[in-house]
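One structure below.
Just follow the structure's listing: the first ligand is 1, and inside any ligand the first atom is 1.
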Amino acid sequence: MFITFEGGEGTGKSTQALILAEWLKKQSINAVLTREPGGSPGAEIIRNLLVTGSVDRWSVMSEVLLMYAARADHWENTIKFALQQGSWVLCDRFADSTVAYQGYGRGVNKEFLELLYQNIVGTTKPDLTFVFDLDVKEGLKRANARMEGETIVEGRFEAMDIDFHQRIRDGFLEIAKEDSSRCVVIDANSHPEEIHQRIVKILYERGVLS
Ligand SMILES: Nc1ncnc2c1ncn2[C@@H]1O[C@H](COP(=O)(O)OP(=O)(O)OP(=O)(O)O)[C@@H](O)[C@H]1O
Ligand SMILES: [Mg+2]
């Protein structure tokens, strides 16, 4: 079972991925919790290049190729292996984020992104994707509040302008609409425990858990 958590900044993806991983452990289900960009030693090095530094550090194509360089390493060394072992994989951001941020956000051709996906990941798609949806300003407020407690500030994308974040939110909703059998939109504007209960309910409804 391959589940991805997608959505804009500060929408609660990491919070919910962690709560679900802990909940699955209590049900004796083996789950690997991982994230993008990153999730393998090589990809974590590339993550640092992507999420720190100035907003205009990378041209959009450099950004796409760095994202896919990281994803190739993460896929080969973490996700593919875990799925082969029969483990669940919970991935905090995956390829939909590239379509939303570099595609809808920065204008990269979607067919080109699809071609990268096919050549690097192949035909495997997540079994289920939660798309966290939240007012853009509220998400950025949450993300900025969280970063105040961090020693290394991973704020490069958060610092991009509000129109960019709005395009991303709309982009994610479009992605979810186009692939509605895979994606479930989660209204992220409620208490974390309530959102977790909704996620568990969806897993039962979809027959992922019985
Ligand atoms: N449902 C919620 N209501 C209010 N605050 C929340 C909720 N879920 C998470 N938070 C808080 O908001 C902040 C951002 O949450 P989190 O890190 O899970 O978001 P994220 O989607 O992973 O963000 P990013 O895109 O920056 O990685 C954290 O400080 C978290 O504790
Ligand atoms: Mg996060």
Side-chain angles (χ1 to χ4, degrees), residues 3-24 31-40 43-44 46-55 57 63 66-67 70-71 74 78-79 89-106 126 128-173 175-176 183-202:
I3 301 179
T4 57
F5 296 73
E6 297 278 12
E9 309 296 327
T11 52
K13 303 175 295 297
S14 303
T15 301
Q16 291 302 324
L18 179 62
I19 296 175
L20 183 61
E22 285 169 351
W23 186 84
L24 288 170
V32 171
L33 174 60
T34 188
R35 68 167 180 185
E36 288 207 349
S40 62
E44 287 290 329
I46 302 170
R47 174 189 179 90
N48 192 259
L49 298 173
L50 282 161
V51 301
T52 66
S54 67
V55 164
R57 183 176 185 180
E63 205 169 85
L66 282 168
M67 286 290 178
R71 184 161 301 132
H74 183 215
T78 305
I79 301 180
V89 172
L90 308 184
C91 193
D92 181 357
R93 291 195 184 280
F94 191 58
D96 293 324
S97 280
T98 314
V99 174
Y101 281 69
Q102 285 75 40
Y104 286 98
R106 297 190 70 187
L128 180 59
T129 296
F130 294 111
V131 175
F132 288 73
D133 185 56
L134 184 65
D135 174 76
V136 165
K137 284 193 180 138
E138 172 63 23
L140 288 169
K141 208 163 78 187
R142 286 188 193 173
N144 287 325
R146 186 206 56 217
M147 278 191 294
E148 276 173 23
E150 288 176 351
T151 42
I152 299 166
V153 178
E154 294 191 333
R156 189 171 156 260
F157 287 101
E158 282 84 348
M160 292 182 184
D161 65 53
I162 199 86
D163 292 353
F164 170 75
H165 290 288
Q166 193 58 54
R167 287 198 296 281
I168 285 165
R169 182 186 187 189
D170 297 342
F172 273 121
L173 292 175
I175 291 167
C183 301
V184 180
V185 176
I186 300 286
D187 178 358
N189 194 21
S190 25
H191 190 274
E193 186 51 36
E194 194 189 318
I195 297 172
H196 170 64
Q197 294 306 334
R198 252 187 278 151
I199 286 175
V200 169
K201 190 161 169 265
I202 290 162

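Below 4.0 Å from some heavy atom of Ile195 lie the following atoms of ligand 1, by number and element: 1 (N). In summary, the atoms of ligand 1 found under 4.0 Å from a heavy atom of Thr15, numbered by their order in the structure, are 9 (C), 15 (O), 16 (P), 18 (O), 30 (C). Taking every heavy atom of Glu158 and a limit of under 4.0 angstrom, the matching atoms of ligand 1 come to 26 (O).
Ile186 and Ile202 get closest at one heavy-atom pair: CD1-CD1, 3.8 Å. Residues Ala17 and Leu90 share a closest heavy-atom pair of O-CD1, 3.6 Å. Smallest separation of non-hydrogen atoms from Arg167 and Gly105: NH2-O, 2.8 Å. Scanning all heavy atoms of the two residues, the minimum distance from Val131 to Cys183 falls at CG2-CB, 4.2 Å. Contact between Ile162 and Lys137 at its shortest, heavy atoms only, is CD1-CG, 3.8 Å. Across every non-hydrogen atom of Lys13 and Asp92, the tightest pair is CB-OD1, 3.6 Å.
Residue Ser190 touches ligand 1 through its backbone alone, judged by heavy-atom distances below 4.0 Å. At a heavy-atom cutoff of 4.0 Å, ligand 1 is contacted by no atom of Gln16, backbone or side chain.
Considering only non-hydrogen atoms, atom 14 (C) of ligand 1 lies nearest to Gly10 out of Gly139, Gly10, Pro192, Ala17. When the heavy atoms of Glu6, Arg146, Glu9 are ranked by distance to atom 27 (O) of ligand 1, first place goes to Arg146. Comparing Glu138, Lys13, Arg142 against atom 3 (N) of ligand 1, the shortest heavy-atom distance belongs to Arg142.
When only modelled atom types and interatomic distance are considered, Glu6 and Thr129 share no side-chain donor-acceptor pair under 3.5 Å.
At least one heavy atom of Gly8 sits less than 4.0 Å from an atom of ligand 1.
Judged by the 6.0 Å distance and 45° axis criteria, Arg71 is positioned over the aromatic ring of Phe94.
Excluding water, every protein N/O/S atom under 2.8 Å from the Mg ion (ligand 2) is given here by residue and atom: Ser14 OG.
Ion pairing of Glu9 with Arg169 is absent here, as no side-chain N (NZ or NE/NH1/NH2) approaches a carboxylate O to less than 4.0 Å. At a threshold of 4.0 Å, the pair Glu154-Arg47 counts as salt-bridged, since one of the basic side-chain nitrogens sits closer than that to a carboxylate oxygen.
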Intermediate values then yes/no, side chain to side chain contact (heavy atoms under 4.5 Å, CB included), Ile195 and His191: CA-CA 6 Å; Ile195 297 172; His191 190 274; over 6 Å; no
Residue pair Leu20, Ile199: steps toward the side chain to side chain contact (heavy atoms under 4.5 Å, CB included) verdict: CA-CA 8 Å; Leu20 183 61; Ile199 286 175; 4.2 Å; yes
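The protein non-hydrogen atom at the shortest distance from atom 19 (O) of ligand 1 is Gly12 N, 3.1 Å. Looking only at heavy atoms of the protein, atom 22 (O) of ligand 1 is closest to Ser14 OG, 2.7 Å.
The distance criterion of under 3.5 Å between nitrogen or oxygen atoms is not met by Ala143 with respect to ligand 1.
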